[in-house]
Amino acid sequence: MLCHPTLPDIRHAGTAAVFVSHWYVPDRTAALKDLDEVTAEWETTEWPADILSFSSYLSTSGNTVLTYAQCASGAAYRPFTRALAGPASAEAVEYRLHRSFVPDGATTEPPGCMVAATFDTDGPLCQRHVIEQIIGTVGREGPRAKDGLLATHFHTSVDGTRVLNYAEWTTDEAHETFLRDACSGRARASYEAIPGVRPIGYTRYHLHHSAVRP
């Protein structure tokens, strides 16, 4: 596989299924150990034909690991990872990319960090509702409020119970500034009022390793 130093192309046209796993670790040392083991498993094992990319991330707090795999179908990922050793075999949630939002005037520079925000939802209608609500609220804000946001990609779990907002930012500092802005508070108020939607929280990550099928 071809290793990449940048975050994956979330809107890759050939992606039909996405698998995301995450787990907590005691500290950064334990996280890096897990990430190195996961990387070694994926680099030394032949991938099934329908796995397109695999990326792993470490949270800025050092206590959470996340993996993100893009696949041409949902058939091969689970049998493949269950045969891997150690943390590489972690169970994943299967998602579909539902909608992406790119702010007007967003730059094309590579993302400096990724923020994953998740929601617990009561079925597909609630999934779609919270996505449209967030995009509508953030989209109405002026460009200053979204300064540093490159794109946000909303994923829906196939079982209807989760929404993942995978947001690409220029820097950690840009995301921290957004959190202090009133726009963030208005977005939060808009989705906290939706019946059947429960925000789980967000985590900011940096890429550890990424590989794509040539």
Side-chain angles (χ1 to χ4, degrees), residues 5-11 18 20 22-28 31-32 35 55-68 93 95 97-121 126-157 162-208 210:
T6 58
L7 293 164
D9 177 9
I10 303 304
R11 291 181 287 175
V18 171
V20 178
H22 82 277
W23 60 94
Y24 300 103
V25 290
D27 51 39
R28 183 179 178 84
L32 290 172
L35 285 165
S55 302
S56 58
Y57 308 77
L58 174 61
S59 68
T60 55
S61 62
N63 66 358
T64 310
V65 169
L66 181 142
T67 65
Y68 183 98
V93 177
Y95 289 94
L97 178 61
H98 177 76
R99 184 177 174 186
S100 294
F101 169 73
V102 179
D104 292 339
T107 67
T108 57
E109 64 185 285
C113 72
M114 180 272 283
V115 179
T118 52
F119 301 83
D120 183 70
T121 53
C126 292
Q127 287 178 315
R128 292 192 291 271
H129 191 177
V130 68
I131 292 170
E132 297 306 315
Q133 187 69 41
I134 294 172
I135 291 177
T137 301
V138 175
R140 287 191 296 270
E141 299 289 337
R144 184 194 61 80
K146 303 185 285 290
D147 187 32
L149 176 61
L150 300 173
T152 184
H153 310 281
F154 290 91
H155 299 65
T156 54
S157 67
R162 287 286 186 275
V163 166
L164 168 68
N165 178 5
Y166 179 116
E168 296 171 306
W169 289 83
T170 53
T171 63
D172 295 345
E173 293 74 19
H175 179 244
E176 291 167 357
T177 298
F178 170 78
L179 293 177
R180 294 191 294 268
D181 191 270
C183 172
S184 176
R186 285 189 287 270
R188 184 169 58 253
S190 71
Y191 60 66
E192 286 180 343
I194 300 174
V197 174
R198 294 161 293 277
I200 297 173
Y202 72 88
T203 303
R204 188 164 57 242
Y205 292 93
H206 290 165
L207 181 70
H208 176 77
S210 184

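All residue numbers in this chain count up from 1 along the given sequence.
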When you look at CZ of R28, are more than 12 heavy atoms from neighbouring residues, nucleotides or ligands closer to it than 6.0 Å? no

Verify side-chain contact (heavy atoms from CB on, under 4.5 Å) between R162 and I200, making sure each step is shown before the conclusion. CA-CA 10 Å; R162 287 286 186 275; I200 297 173; 3.6 Å; yes

Quick one: does Q127's side chain have a donor or acceptor within less than 3.5 Å of a partner on S157's backbone? yes

Separation between CZ of F101 and CD1 of I135, rounded to the nearest 0.5 Å: 7.0 Å

CD of E173 to SG of C113: how many Å apart, nearest 0.5 Å? 8.5 Å

Taking atom CZ of R128 and atom CZ of F154, what is their separation to the nearest 0.5 Å? 15.0 Å

Please work out whether the ring planes of H155 and Y166 are parallel, tilted or perpendicular, with thresholds of 30° and 60°. tilted

Derivation and outcome, side-chain contact (heavy atoms from CB on, under 4.5 Å), residues I131 and T156: CA-CA 9 Å; I131 292 170; T156 54; 3.7 Å; yes

Using 0.5 Å steps for rounding, measure from the CG atom of D172 to the CE atom of M114. 12.0 Å

Might you point out which heavy atoms bring E168 and L149 nearest each other, and give the distance in Å? O-CD1, 3.6 Å

Please tell me if the side chains of V20 and L164 come closer than 4.5 Å, counting only heavy atoms from C-beta onward. yes

If I compare all heavy atoms of A31 with all of G62, which pair ends up nearest, and what's the gap? CB-O, 3.8 Å

Smallest heavy-atom separation, L150 atom then P111 atom, equals CD1-CA, 3.6 Å

On a heavy-atom basis, which atom in I10 and which in L97 lie closest, and how many Å separate them? O-CD2, 3.5 Å

How long is the gap from CD1 on I134 to CG on N165, to the nearest 0.5 Å? 6.0 Å

OG1-CZ distance between T60 and R204, expressed to the nearest 0.5 angstrom: 4.5 Å

Residue pair Y205 / A116: nearest heavy atoms and the distance that separates them: CE1-CB, 3.8 Å

Are any non-hydrogen side-chain atoms of R11 and V102 less than 4.5 angstrom apart? yes

Using the rule given for side-chain contact (heavy atoms from CB on, under 4.5 Å), can you reason through D147 versus T177, listing the C-alpha separation, both sets of side-chain angles and the distance that settles it, and then say yes or no? CA-CA 9 Å; D147 187 32; T177 298; over 6 Å; no

How are the rings of H175 and F178 set relative to one another: parallel (under 30°), tilted (30 to 60°) or perpendicular (over 60°)? parallel

Show your working on side-chain contact (heavy atoms from CB on, under 4.5 Å) between C126 and I194 and close with a plain yes or no. CA-CA 8 Å; C126 292; I194 300 174; 5.7 Å; no

Which heavy atom of P199 sits nearest to which heavy atom of E192, and what is that distance? CG-CG, 4.2 Å

Quick check on the 6.0 Å ring-centre criterion: do H153 and Y68 meet it? no

